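Because the structure is a prediction, the values reported are computed rather than measured. Here is the naming used below: chain letters follow the sequence lines, and residue numbers restart at 1 for every chain.
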Amino acid sequence: MILNRDFYESINILEISKSLLGKKLCTNIEGNYCSGYIVETEAYKAPEDKASHAYMNKLTPRTATMFSQAGTAYVYIIYGTFHLFNIITAPEGIPHCILIRAVQPIEGVDIMIGRRGIMSPAHKLTNGPGKFSIAMGINKNLNGTDLTIPDGIWLEEGLPQCKADEIVIGPRVGMSTAGESSNWPFRFRIKDNQWTSKPDKVWYEGF
DNA sequence: TATGGGATTCGC
DNA sequence: CGAATCCCATAC
């Protein structure tokens with residue numbers, strides 16, 4: 001079952017970030033189908049979040065996508081090389097977005113290996129936001145597309161909802177210039193999952 | 001038009 | 001730990 005717009009429209013971005021764990025992310029790029037379970041997310045809660053591109057509702061050509069309706073893909077390029085995939089949430093006009101940081105491959109593994117150009121170790125195939133974008137064929141062409149339509153990129157129901165004690169919460173990665181919001185506990189991972197990205201200081205478990 | 005930095009990754 | 005690599009936002 002594909003996730004419909006209702007799933008993304010909540011104003012409570014932290015709840016959606018947790019609900020996304022275990023959901024199935026699917027891509028069909030030029031006829032190549034891949035899928036994987038989402039195992040790590042980070043919330044970016046503009047306008048008050050200094051770490052967000054849309055801090056203080058800043059509107060530029062790049063951030064315009066963030067003000068779109070819930071269930072829209074926001075893909076941007078970092079370090080000139082890596083395409084990072086985000087999901088727009090909240091009612092249209094509120095620039096909430098959730099960065100997907102890692103997935104656990106399900107289908108199309110051979111395609112992912114081919115795109116990444118590595119065979120082993122297997123968990124390094126998709127354990128980072130730049131890595132799984134390469135593996136699943138995600139690129140800037142998908143920026144602004146509708147995730148509720150099963151073409152290009154979309155989400156399906158996937159695994160049962162993670163229980164609170166199966167989720168690890170901590171500060172976000174790469175916060176060098178975000179001031180106070182650097183320490184916000186906006187990073188969510190499935191506990192003990194081997195496919196999550198690099199470890200970090202853990203603040204809470206079981207909440 | 002010119003410049004500086006970045007929600008990363010990989011190799012040394 | 002440092003380079004790669006280039007888009008984007010900002011300043012001029």
Side-chain angles (χ1 to χ4, degrees), chain A residues 8 13-14 16-18 20-21 25 36 38-68 72-90 94-105 112-144 147 153 168-190 194-203:
Chain A
Y8 304 101
I13 188 173
L14 302 184
I16 303 178
S17 299
K18 287 187 273 190
L20 280 170
L21 297 175
L25 177 65
I38 293 171
V39 296
E40 180 172 344
T41 62
E42 276 183 2
Y44 287 84
K45 191 175 183 293
E48 65 267 38
D49 183 357
K50 195 174 179 186
S52 171
H53 296 154
Y55 177 54
M56 300 282 285
N57 286 323
K58 183 166 69 175
L59 180 60
T60 68
R62 181 173 66 161
T63 65
T65 304
M66 299 176 74
F67 296 84
S68 305
T72 299
Y74 172 46
V75 182
Y76 75 94
I77 297 175
I78 187 67
Y79 298 112
T81 307
F82 302 106
H83 299 246
L84 269 55
F85 170 64
N86 301 253
I87 296 170
I88 303 302
T89 66
I94 299 175
H96 287 186
C97 76
I98 299 172
L99 170 69
I100 307 304
R101 286 194 56 87
V103 305
Q104 175 178 336
M112 298 194 212
I113 289 172
R115 289 188 179 123
R116 288 274 288 135
I118 64 167
M119 287 293 288
S120 64
H123 72 272
K124 291 197 173 178
L125 199 56
T126 55
N127 64 339
K131 296 182 194 178
F132 90 80
S133 288
I134 294 171
M136 297 190 70
I138 297 170
N139 61 57
K140 222 191 138 200
N141 295 333
L142 295 172
N143 183 48
L147 296 170
I153 185 166
V168 178
I169 306 176
R172 293 172 291 185
V173 178
M175 300 289 101
S176 56
T177 60
E180 172 201 325
S181 56
S182 302
N183 297 321
W184 291 357
F186 278 17
R187 181 187 187 194
F188 304 89
R189 288 182 283 159
I190 296 180
Q194 302 305 302
W195 303 85
T196 56
S197 72
K198 63 184 174 186
D200 204 344
K201 179 184 173 188
V202 173
W203 281 11

Item to complete: Specify the separation, in whole Å, of atom CE of A:Met56 and atom P of C:dA9.
Response: 17 Å

Worksheet item: Atom CZ of A:Phe82 and atom P of C:dC7: how far apart are they, to the nearest Å?
Response: 14 Å

Practice prompt. Could you check if a side-chain atom of A:Leu14 sits within less than 4.5 angstrom of a side-chain atom of A:Phe186, using non-hydrogen atoms only?
Written response: yes

Worksheet item: Atom CG of A:Leu84 to atom P of C:dT5: distance rounded to whole Å?
Response: 18 Å

Item to complete: Considering non-hydrogen atoms only, spot the tightest contact between A:Ile190 and A:Ile38 and give its length.
Response: CD1-O, 3.8 Å

Discussion item. With a 4.5 Å cut-off on side-chain heavy atoms, are A:Arg187 and A:Glu40 touching?
Written reply: yes

Worksheet item: C:dC7, B:dT9, B:dA7: which one has an atom nearest the side-chain heavy atoms of A:Pro129?
Response: B:dT9

Worksheet entry | Distance, rounded to the nearest Å, where A:Ile98 contributes CD1 and B:dA7 contributes C1' | 14 Å

Worksheet, complete the sentence: Closest to the side chain of A:Tyr44, out of C:dC7, B:dA7, B:dC10, is B:dA7

Discussion item. Between A:Gln104 and A:Val39 (side chain of the first, backbone of the second, donor and acceptor by atom type, cut-off under 3.5 Å), is there such a pair?
Written reply: no

Worksheet entry | A:Gln194 atom CD, neighbour heavy-atom count above 12 within 6.0 Å | no

Worksheet item: For B:dC10, does either OP1 or OP2 sit under 4.0 Å from a side-chain N or O belonging to A:Lys131?
Response: yes

Fill in: Length of the line joining A:Ile134:CD1 and C:dT5:C1', which is rounded to integer Å
13 Å

Fill in: Minimum-distance nucleotide to A:Tyr79 side chain [options: C:dA9, C:dC8, C:dT5]
C:dT5

Fill in: Options C:dA9, B:dT9, B:dA7, nucleotide nearest the side-chain atoms of A:Arg62
C:dA9

Fill in: Intra- and interstrand pairs of DNA chain C - dot-bracket, Watson-Crick/G-U under 3.5 Å, | marks other strand
||||.||||||.

Worksheet entry | Sidechain-backbone polar pair: A:Arg101 side chain, A:Arg189 backbone, donor-acceptor under 3.5 Å | no

Worksheet item: Can you check whether A:Tyr76 reaches A:Asn86 side chain to side chain, under 4.5 Å on heavy atoms?
Response: yes

Fill in: Nearest-Å distance once atom P is located in both C:dT5 and B:dA2
22 Å

Response to the item:
Taking C:dA9, C:dT5, B:dA7 as options, the one with an atom nearest any side-chain atom of A:Thr81 is C:dT5

Discussion item. I need the CZ-C1' distance between A:Arg101 and B:dT9, as an integer number of Å.
Written reply: 11 Å

Worksheet item: Touch check for A:Lys140, heavy atoms < 4.0 angstrom, all strands: base, sugar-phosphate only, or nothing?
Response: sugar-phosphate

Worksheet item: Can you tell me how far C1' of B:dG6 sits from CG of A:Leu99, to the nearest Å?
Response: 14 Å

Discussion item. Expressed as a whole number of angstroms, how long is the span from A:Tyr55:OH to B:dG5:P?
Written reply: 19 Å

